[in-house]
Amino acid sequence: MALELYNRDGHVCLAYTDLVTDDMEAVQANQFLVVDNGHCAVIDPGGNMTYHSLYMALSQYVPARKLDMILASHADPDIVASLNKWLVGTDATLYISTVWSRFVPHFCSVGNTEGRVVGIADPGGRIALGRSHLVALPAHFLHAEGNFQFYDPVARILFSGDLGTSLVSGEEAARPVSDFTRHIPRMEPFHRRYMAAGKVCRLWSQMAQGLDIEWIVPQHGRPMQGKATVKAFIDWVENLSCGIDLMTAENYRVPDGWVARQAVSI
């Protein structure tokens, strides 16, 4: 079932949190639809296990064949491994970082991506949708080298990709965070490993502070709603130690018990 994030004057934003079930042995992942006056974008549609359900959900709002675009925050399998099916089943164009624009064709049959992949340059920019637009915001190294978040200025929603991830069930992921302090332990292990460095977290926080955000909705786990919770999250990210900040020589040792063998000359 969809979580309705916004619905007003022909502009609708929906999150699907339960298309990856616990018995699939895969990480929980959220998928998103943004509809504006009969035009539609799918954000981070996921892999093959989410394709059919999301395609059917899309058909409730626009003819699925007429999907305008797929927006991919980066190129991980849980983001866009179903790309080939979307390109066959719809007329959509994929928008993704130029860093990944020549890698994603590996998910597809030869020729299916021709003329249908638009690389987003590192600074990001506006992407027109219906009578409105979405904004591709730079989020490089959070966690991918070429990484974008997508901001909806009408609904004031930031689709934040992996930033904000909490590893929970699909059922839990449909419930907005009610106590941010108690929620931190659900986020912290993931962020310490998957975010590249505190430097980029601080740079992102400085950018995010200038946005009018009502929802932060990550690609995994629970959304964060309301000015107070959004501010608490941005402040938390600003002070996060993660990634290479935490690496030492102990993380780069030859494994114990491994014995190097001399090459034998023939």
- Query: Is Lys227 atom NZ crowded by more than 12 heavy atoms from other residues, nucleotides or ligands, each under 6.0 Å away?
  - Reply: yes
Test log, rule side-chain contact (heavy atoms from CB on, under 4.5 Å), inputs Leu246 and Arg192:
CA-CA 8 Å; Leu246 308 177; Arg192 285 167 65 87; 3.8 Å; yes
Next on the checklist: Could you check whether any side-chain N or O of Gln31 sits under 3.5 Å from a backbone N or O of Ala15, counting only pairs where one atom can act as donor and the other as acceptor?
Outcome noted: no
Begin with the C-alpha distance, continue with both residues' side-chain angles, and end with the deciding distance and a verdict on side-chain hydrogen bond (donor to acceptor under 3.5 Å, both in side chains) for His74 and Asp44. CA-CA 8 Å; His74 55 291; Asp44 292 345; 5.7 Å; no
- Please step through side-chain contact (heavy atoms from CB on, under 4.5 Å) for the pair Val237 and Trp204, ending with a clear verdict. CA-CA 8 Å; Val237 172; Trp204 176 85; 3.7 Å; yes
Next on the checklist: Would you say the ring centers of His143 and His191 fall short of 6.0 Å from each other?
Outcome noted: no
**Asked** Is it true that the side chains of Asp18 and Gln28 contain a donor and an acceptor less than 3.5 Å apart?
**Response** no
Heavy-atom nearest pair, Val88 first then Arg65, reads O-NH1, 2.9 Å
_Using the rule given for side-chain contact (heavy atoms from CB on, under 4.5 Å), can you reason through Val80 versus Leu94, listing the C-alpha separation, both sets of side-chain angles and the distance that settles it, and then say yes or no?_
CA-CA 10 Å; Val80 74; Leu94 172 72; 4.2 Å; yes
On the 0 to 90° scale, with breaks at 30° and 60°, tag the Phe180-His183 ring pair as parallel, tilted or perpendicular. tilted
- Are side-chain N/O atoms of His11 and Asp9 paired as donor and acceptor at under 3.5 Å? no
Practice problem: Could you tell me whether a side-chain N or O of Asn147 sits under 3.5 Å from a main-chain N or O of Phe141, the two making a donor and an acceptor? | Solution: no
In terms of heavy-atom contacts, Ala92 and Thr90 come closest through N-OG1, 3.1 Å
Worksheet item: Do Val42 and Leu71 have side-chain heavy atoms sitting under 4.5 Å apart?
Response: no
Open item on the list: The test is side-chain contact (heavy atoms from CB on, under 4.5 Å); show your working for Asp162 and Tyr194 and say whether it passes.
Closed with: CA-CA 8 Å; Asp162 279 282; Tyr194 283 84; 5.9 Å; no
